[in-house]
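This report refers to the structure that appears directly beneath it.
Heavy-atom basis, side chains included; hydrogens, waters and symmetry copies ignored. Here is how names work: the chains are called A, B, and so on, in the same order as the sequence lines, proteins then strands, and each is numbered from 1.
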Amino acid sequence: MLDKKYDWKAVEGKIYDAWEKSGYFAPEAHQPSADNPNAGKPFTIIMPPPNANGSLHIGHALFVATQDILIRYKRMKGYKALWLPGADHAGFETQVVYTKKLEREGRKFWDTPRDQLYQEILDFTLANKSHMESQLRALGASCDFSREKFTLDEDIKKVVYETFKRLYDDGLVYRGARIINWCARHQTSLSDLEVVSPELDDTFYYFKYGPFEIATARPETKFGDKYVVVHPDDKRYKDYKHGQKFELEWINGPITATLIKDDSIDVDFGTGAMTITPWHDSADFEIAERHGLDKEQIIDWQGRLLPIAQEFAGQHISKARPAIVEKLENKGLLVKKEAYKHTVPQCYKCGTAIEPQIRPQWFVAMTKKPRPKGARLAQRIWAAILRRKSLRDLALSAVKKGEVQFVSERFKNEFLRWMENLRDWNISRQIVWGIRIPAWYKGEEVYIGENSPGEGWKQDEDVFDTWFGSGQWPFATLMTTKKGDFEEFYPTDVMETGWDILFFWVARMIMLGKYRTGKVPFKTVYLHGLVRDKDRQKMSKSKGNVIDPLGVAEEYGTDAVRMALIAGNAPGTDPVISEEKIKGYRNFATKIWNMAKYVFEFAKEEGDGALDKKVLDEYEKVRADVSRYFDEYKLHLACEIAYHYVWHTVADDVIEANKRGEVSLAMLKKIFRGCLIMLHPFMPFVTEELYQKLPFEDKEDFLMVENW
RNA sequence: GCGCGUUUAGCUCAGUGGUAGAGCGUCUCAUUGACAUUGAGAAGGCCAGAAGUUCAAUUCUUCUAACGCGCACCA
């Protein structure tokens, strides 16, 4: 006898423990019958490792549901299904979280020695990691915890070091004093992706600069400006010669300026003449590089003016700007001011204005072709695999050739477009939390390796951009789990993640995966969006509309939450979820439970079964449709078809027909078993519980490994 | 500036070359019959606008509008 109601609180933990104890989460455990056409075929998903700096939120629940559904489906189909879980130390993100935690405790981040900070953050991260693992279990994730990896595992770090070394020997990473994005608040550089550029209202100033008139939005950077640049074809300035010098009165007295002609100038913008600040502007930097001009730092690392500003030295740039404008105005050098709308780069975390600075950093070359040297030169086979392609071209050709498919298709174009305009990737971060860059310096010499080459060598102070490590995740994990895993499970099948990290992560995985292994890291990229509430709002603590997945799972059952996350949400769009929707699917779980009670406790045994054939045909058709949608990665359709069939065909019609004697009990049981199988990937707990309790014939020990 | 997406029931969203679907909401009826965390039924949509292709368009094409998003070194 089944209980009157389905009590998920009593069932879920028990079922999950039994699954885990069975060992079936490991791909090698389940042996389908030998005639299963998929027997022995690997199917692999590497879980995007959640940032171990907090709890799992609804977005995590979405990826857990999606990936678990895919894995369970394939496992039931007979594949050797591996879902490899992990956790991300999430360098900068976690350091920011930890800094805030320290501030709440009245401590200051930089008051603590580096080694101690590292240890504290490690403890914090490992505690979160273990909490997240229990949350994954609560959500029903059938991932193989025996293969779990952490981005700071020693063996993972060794893979990352090795990649860096190879890139270095191939000339694809280099250390250079180039323009970087500096956040004065966080005291670190950021990659181009970590900079956001909202459009702001500002003022555009026109100043007299000797015989020229120049325009700028940043007067505070102009102290060191001693070059005025015009376009070579600009008729207004045709009487001036490149390199010509002239005297002029400027902020702090007379200076000598030099005229430069450069094609990059837009003659229609401003006055067609501009002064440049090569240390604090990437475009100016490029001009200075082209003409071999001096570069001078004007603003320090805290955003204050340096001694070159004389009376303004030590002032923060935000305060200095009006004072400088006033001084120029008093000197009669201000021509006019204009209201001006332009994009201002900001730190994506704290909104602090990004100050471009020159600083020696490590960069990954995106468009340069490898030039193997030293030991690398000997590896001819490797060079052949690479075909001497740049990292960008490796990824571009892989995607263009269809080695990587995108769900949805439109992301492919977005990906290609982004790849076309790539700039070199700054991977140095001035933070403590992460993998220390394995570069050692002695005078002009550079050594790349994990350990010091000897006396007198000093290691680079910086750590890698987190994405440099996680960009190697698919191969780094499989190279360091069980022997033979890499050979068997790489390339993986699906990478399911949010489209917001398409460039941060997916692009880097394809580039670095191709580079290290010669193969793409995954065959399909399945992208989901940002979970929103029923009014289409982003969820945020300040709006108070956050849905805690574990909380609602406790209240309505994990199966209901999973259904609500998948149903009606097409891949690539922002999924919408609400408590009402979850309730609706909780009712569905109840419905399934009551259907089981009818089939095994109340159903009619007599009758002619006149509709058996029709019922079976319809069942077969639905099963085929659901399978097809699975194979097309249209989980929302597979889900809805199964849902609709079970409720509105089996419950509404087939059971009613049985009451009239038109469907035999044997057929009813067969169909209901099929319903459990079909629903299991979506609603694993209630289906498994019923499977365990009901007296089906020739049962497997778990529905999880029942043949689809 | 360039590119992309969205526009379908009161709300949030699926879907489709041939009498439109889900969740929630609304209304009516049914309560010792598997199921009130229910069942049966109903109301509610010229599928943004215009043109084109087609025997047939909500679905394909083009244009328009509104909203949203991404990318870009215009000082």
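- The side-chain hydrogen bond (donor to acceptor under 3.5 Å, both in side chains) search around A:Gln692 returns A:Glu688, not counting sequence neighbours.
- For the contact set between residues 628-652 of chain A and RNA chain B, defined by any heavy atom under 4.0 Å, the members are A:His636, A:Leu637, A:Glu640, A:Tyr643, A:Trp647, A:Ala651, A:Asp652.
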Start with the C-alpha distance between A:Trp8 and A:Thr558, add both sets of side-chain angles, then the distance that settles side-chain contact (heavy atoms from CB on, under 4.5 Å), and finish with yes or no. CA-CA 8 Å; A:Trp8 57 86; A:Thr558 300; over 6 Å; no
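- Contacts of residues 197-208 of chain A with RNA chain B (heavy atom under 4.0 Å): none.
- Summarising the geometry, the separation between CG on A:Asn587 and P on B:U37 is reported as 9 Å, rounded to the nearest angstrom.
- Every residue two or more places apart in sequence or in another chain was checked for a ring pair (Phe, Tyr, Trp, His ring centres under 6.0 Å) with A:Tyr227, and none qualifies.
- The interatomic distance linking A:Trp499 (CH2) with B:G70 (P) rounds to 7 Å, in whole Å.
- With sequence neighbours left out, the ring pair (Phe, Tyr, Trp, His ring centres under 6.0 Å) criterion links A:His231 to no other residue.
- Not counting sequence neighbours, the partners of A:Phe212 by the ring pair (Phe, Tyr, Trp, His ring centres under 6.0 Å) test are A:Tyr237, A:Tyr240, A:Phe246.
- As a whole-Å value, the separation of A:Leu2 CG from B:A34 P is 15 Å.
- Of the charged side-chain nitrogens involved, at least one lies within less than 4.0 Å of a carboxylate oxygen, so that A:Lys693 and A:Glu689 count as a salt-bridged pair.
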Let me have RNA chain B in dot-bracket notation, would you? Count Watson-Crick plus G-U wobble pairs, both distances under 3.5 Å, and use [ ] for pairs crossing earlier ones and | for inter-strand partners. (((((((..((((....[..)))).(((((.......))))).....(((((..]....))))))))))))....
Give every pair of a protein N or O atom and an N or O atom of nucleotides 25-32 of chain B that lie under 3.5 Å apart, one pair per line with the distance.
none

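- Every residue meeting the ring pair (Phe, Tyr, Trp, His ring centres under 6.0 Å) condition with A:Phe204, not counting sequence neighbours, appears here in chain and number order: A:Tyr206, A:Phe269, A:Tyr340.
- Scanning for salt bridge (charged side-chain N to carboxylate O under 4.0 Å, His left out) contacts around A:Glu414 gives an empty result, with sequence neighbours left out.
- Remark: nothing in residues 225-233 of chain A comes within less than 4.0 Å of RNA chain B through any heavy atom.
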Reading nucleotides 1-8 of chain B from 5' to 3' and marking B where a protein heavy atom lies under 4.0 Å of the base, S where only the sugar-phosphate is that close, and - otherwise, the string is -BS-S---
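- Distances shorter than 4.0 Å separate some side-chain N or O of A:His342 from OP1 or OP2 on B:A75.
- Applying the 4.0 Å criterion to OP1 and OP2 of B:U38, one finds that A:Asn594 has every side-chain N and O outside that range.
- Counted by atom type alone, A:Thr352 and A:Gln346 present zero donor-acceptor pairs between their side chains at under 3.5 Å.
- An OP1 or OP2 oxygen of B:C73 is reached within less than 4.0 angstrom by no side-chain nitrogen or oxygen of A:Ser264.
- Checked by atom type, the side-chain pair A:His528/A:Glu496 shows a donor-acceptor distance below 3.5 Å.
- Note on A:Lys591: a side-chain N or O is less than 4.0 Å away from OP1 or OP2 of B:G39.
- Taking 4.0 angstrom as the limit, A:Arg423 places a side-chain polar atom (N or O) nearer than this to OP1 or OP2 of B:C73.
- A salt bridge links A:Lys621 to A:Asp625: at least one charged side-chain nitrogen sits closer than 4.0 Å to a carboxylate oxygen.
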